K.L.:
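Below is the structure I would like to discuss, written out as structure tokens.
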There are 2 protein chains.
Amino acid sequence: MNKPRPTGTTRIQREKREAIFEAALDVFSENGLRGATLDQIAARAGLSKPNVIYYFQGKEAIYTELLESLLDIWIAPLIELSDSDDPVEELLTYVRRKLDMSRDMPRQSRLFATEMIQNAPHINDVISGSLRDLVDEKARLIKGWMKAGKIAKSDPHHLIFSIWAVTQHYADFDVQVRAVLDGNDPFKTAPDFVETLFRRMLTP
Amino acid sequence: MNKPRPTGTTRIQREKREAIFEAALDVFSENGLRGATLDQIAARAGLSKPNVIYYFQGKEAIYTELLESLLDIWIAPLIELSDSDDPVEELLTYVRRKLDMSRDMPRQSRLFATEMIQNAPHINDVISGSLRDLVDEKARLIKGWMKAGKIAKSDPHHLIFSIWAVTQHYADFDVQVRAVLDGNDPFKTAPDFVETLFRRMLTP
DNA sequence: GCGGCACTTGACCATTTGGTCAAGAATTTT
DNA sequence: AAAATTCTTGACCAAATGGTCAAGTGCCGC
């Protein structure tokens, strides 16, 4: 076998692997792992099928590496949620950032959504490991704000779920949203609504 | 060709088609149309592959007929949303019903979610046709309540989206929700939270 | 500018998959 | 109970698909 060693990463390797990731994000986010084919990925990346296999172990390897490389970016906004004098604004900033991500990274949102719907077999350990720890930590932070009377009381975990749900809905269900809104850009009116929703929920 | 005529539907035809639908709901909701195989469906239905093809034109036909047969049930709660002396309670009843559906029909929720993520190629006409009309009608109803000062003002379309998002999240992202909640049953605590969220949003 | 190494791919292969078909097994009709 | 019809499936097929491999092509340091 003639695989590139992990040590010496050449320019071409970086470029081609990036092109494959980009193409794979397109294809996997639309069809899931099983529904996607190497030919599709190769075609969109502008490479031959054997060439794709030259850079990755196989289809599944592309998928798992892609998922992992996107995870950090995906949960970054939650990591940045931190203590603040104005918890309502701190949380609303998180909400806004998540909504921005739905607008700017819909493929990533759909990729994770598909993985979740299929019971997250490839990131199960992350979800019930570091992600759960992260959410627990932030839930404690939020709980503290509630006990200090700085925001209205509710279940912090479900609060986080609802933020995820509402914001990601605009990426994952984009077709439906646009069809119902009859061509009006959802992201013109969504920020106001979402801010109102969570401001009313959070203001003590 | 030897297909059953649409006229005389026999007992066996009803039973077997039902078994195939049931199996297909399992398989399609987990893998989407492309990711599912006839063998999987046949196996779960306890039939041979040719026997499955005997009752349906093919894989795609099972999928589209299944989608269509579920659409009515899926939007029924929204249809039932109607004028009321207490619009807040009327809307909260809708929210509760949607949450119940996520608990009791997660496969249907995931099936539609997967179809949406993949740009809804099979129900595009419905979404931008009768569904849009239905949502528009209900949005006008809600708008009326707002103008009458019976509920707080906001964008009715986005209000409906947020109800869909929050409630369906518990079906579509079930693994994640359960992982984060560390085994605690989401549907024990979700109803309270969701009711609080939308009560605060709606109460004038 | 040349030797070695990284990169590329046409041809090929095994498996999976959607679907067919003819012949036989059940069931219903008469 | 015989005839007619519906139902069932083992064997099969063509296309799609994940992946291999040997033979090249081209890039890069010397």
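Below, chains carry the letters A, B, ... as their sequence lines are ordered, and counting in each starts from 1. These numbers come from the heavy atoms of this one structure, side chains and all, not from hydrogens, waters or symmetry mates. The structure presented is a predicted model; accordingly, all values stated were derived computationally and were not measured.
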K.L.:
Select one nucleotide: of C:dA6, D:dG18, C:dT9, the one nearest the side-chain heavy atoms of A:Tyr54.
P.N.:
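Nucleotide nearest to A:Tyr54's side chain: C:dA6.
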K.L.:
Looking for any heavy atom pair under 4.0 Å, which part of the strands does A:Ala61 touch: base, sugar-phosphate only, or nothing?
P.N.:
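It contacts nothing in the nucleic acid.
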K.L.:
Are any of the side-chain heavy atoms of A:Arg96 and A:Glu195 separated by less than 4.5 Å?
P.N.:
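The answer is yes; the side chains approach within 4.5 Å.
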K.L.:
Of all the nucleotides listed (D:dT17, C:dA11, C:dG19), which has the minimum atom distance to the side chain of B:Ile53?
P.N.:
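From the listed options, C:dG19 comes nearest.
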K.L.:
Measure from the side-chain heavy atoms of B:Tyr55 and tell me the nearest of D:dC7, D:dT9, C:dT9.
P.N.:
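Of all the options, the side chain of B:Tyr55 is nearest to D:dC7.
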K.L.:
If you only use heavy atoms from C-beta on, which nucleotide in D:dT8, D:dT17, D:dG19 is closest to the side chain of B:Lys16?
P.N.:
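Nearest to the side chain of B:Lys16 among the choices is D:dT8.
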K.L.:
Compute whether any side-chain donor of one residue and acceptor of the other, for B:Glu60 and B:His122, lie under 3.5 angstrom apart.
P.N.:
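On atom types as modelled, these side chains qualify, holding a pair under 3.5 Å.
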K.L.:
Round to the nearest Å and state the distance from B:Glu60 atom CD to C:dG18 atom P.
P.N.:
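Value for this atom pair: 11 Å.
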K.L.:
Choosing from D:dT9, C:dT17, D:dG18, which nucleotide comes nearest the side chain of B:Ser48?
P.N.:
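Ranking D:dT9, C:dT17, D:dG18 by closest atom to the B:Ser48 side chain puts D:dT9 first.
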K.L.:
Is the phosphate of D:dA16 approached by B:Arg34 (side-chain N or O, under 4.0 Å from OP1 or OP2)?
P.N.:
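B:Arg34 to D:dA16 OP1/OP2: no side-chain N or O under 4.0 Å.
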K.L.:
Nearest 0.5 Å, what's the CD-CG distance between B:Glu137 and B:Leu141?
P.N.:
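With rounding to 0.5 Å, CD (B:Glu137) is 7.5 Å from CG (B:Leu141).
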K.L.:
What is the distance from CG of A:Asp39 to P of D:dA15, rounded to the nearest Å?
P.N.:
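One finds 16 Å between P of D:dA15 and CG of A:Asp39, rounded.
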K.L.:
Measure the distance from CG on A:Asn51 to C1' on D:dG24 and round it to the nearest whole Å.
P.N.:
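My rounded result for the distance is 13 Å.
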K.L.:
Would you kindly compare A:Val52 and B:Leu33 by the position of their nearest DNA chain C nucleotide and give the one closer to the 5′ end?
P.N.:
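Between the two, 5'-proximity favours A:Val52.
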K.L.:
B:Phe56 has an atom CZ; how far is it from atom C1' of C:dG18, in whole Å?
P.N.:
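So the two atoms are 16 Å apart, to the nearest Å.
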K.L.:
Just do the ring pair (Phe, Tyr, Trp, His ring centres under 6.0 Å) check on A:Phe21 and A:Phe56 with the steps written out, would you?
P.N.:
CA-CA 10 Å; A:Phe21 271 149; A:Phe56 289 89; 5.3 Å; yes
K.L.:
In whole angstroms, how far is the P atom of C:dT8 from the CZ atom of A:Arg17?
P.N.:
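Spelled out: CZ on A:Arg17 to P on C:dT8 is 13 Å.
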K.L.:
With respect to the phosphate group of C:dT8, does any side-chain polar atom (N or O) of A:Lys49 fall under 4.0 Å of OP1 or OP2?
P.N.:
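For C:dT8, neither OP1 nor OP2 has a side-chain N or O of A:Lys49 closer than 4.0 Å.
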K.L.:
Ignoring backbone atoms, establish whether B:Gln13 has a side-chain N or O less than 4.0 Å from OP1 or OP2 of D:dC7.
P.N.:
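So the side-chain polar atoms of B:Gln13 do come within 4.0 Å of the phosphate oxygens OP1 or OP2 of D:dC7, strictly under.
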K.L.:
Rounded to the Å, how far apart are B:Ile41 CD1 and C:dT16 P?
P.N.:
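Result: 18 Å.
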K.L.:
Using a distance-only criterion (donor-acceptor N/O pair, under 3.5 Å, no hydrogens), is the base of C:dG19 paired with the side chain of B:Lys59?
P.N.:
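Result: no qualifying N/O pair found.
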K.L.:
With a non-hydrogen cut-off below 4.0 angstrom, is B:Ala42 in contact with a base, only sugar-phosphate, or nothing?
P.N.:
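Counting heavy atoms under 4.0 Å across all strands, no contact is made by B:Ala42.
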K.L.:
Mind calculating the distance between CD1 (B:Ile62) and C1' (C:dG18) to the nearest angstrom?
P.N.:
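After rounding, the gap between these two atoms is 11 Å.
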K.L.:
Is it the case that A:Asp172 and A:Ser109 place a side-chain donor and acceptor less than 3.5 Å from each other?
P.N.:
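Note: A:Asp172 and A:Ser109 side chains meet the donor-acceptor criterion.
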K.L.:
Picking from C:dA11, D:dT9, D:dG19, which would you name as closest to the side chain of A:Leu38?
P.N.:
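Shortest atom-to-atom distance from the side chain points to D:dG19.
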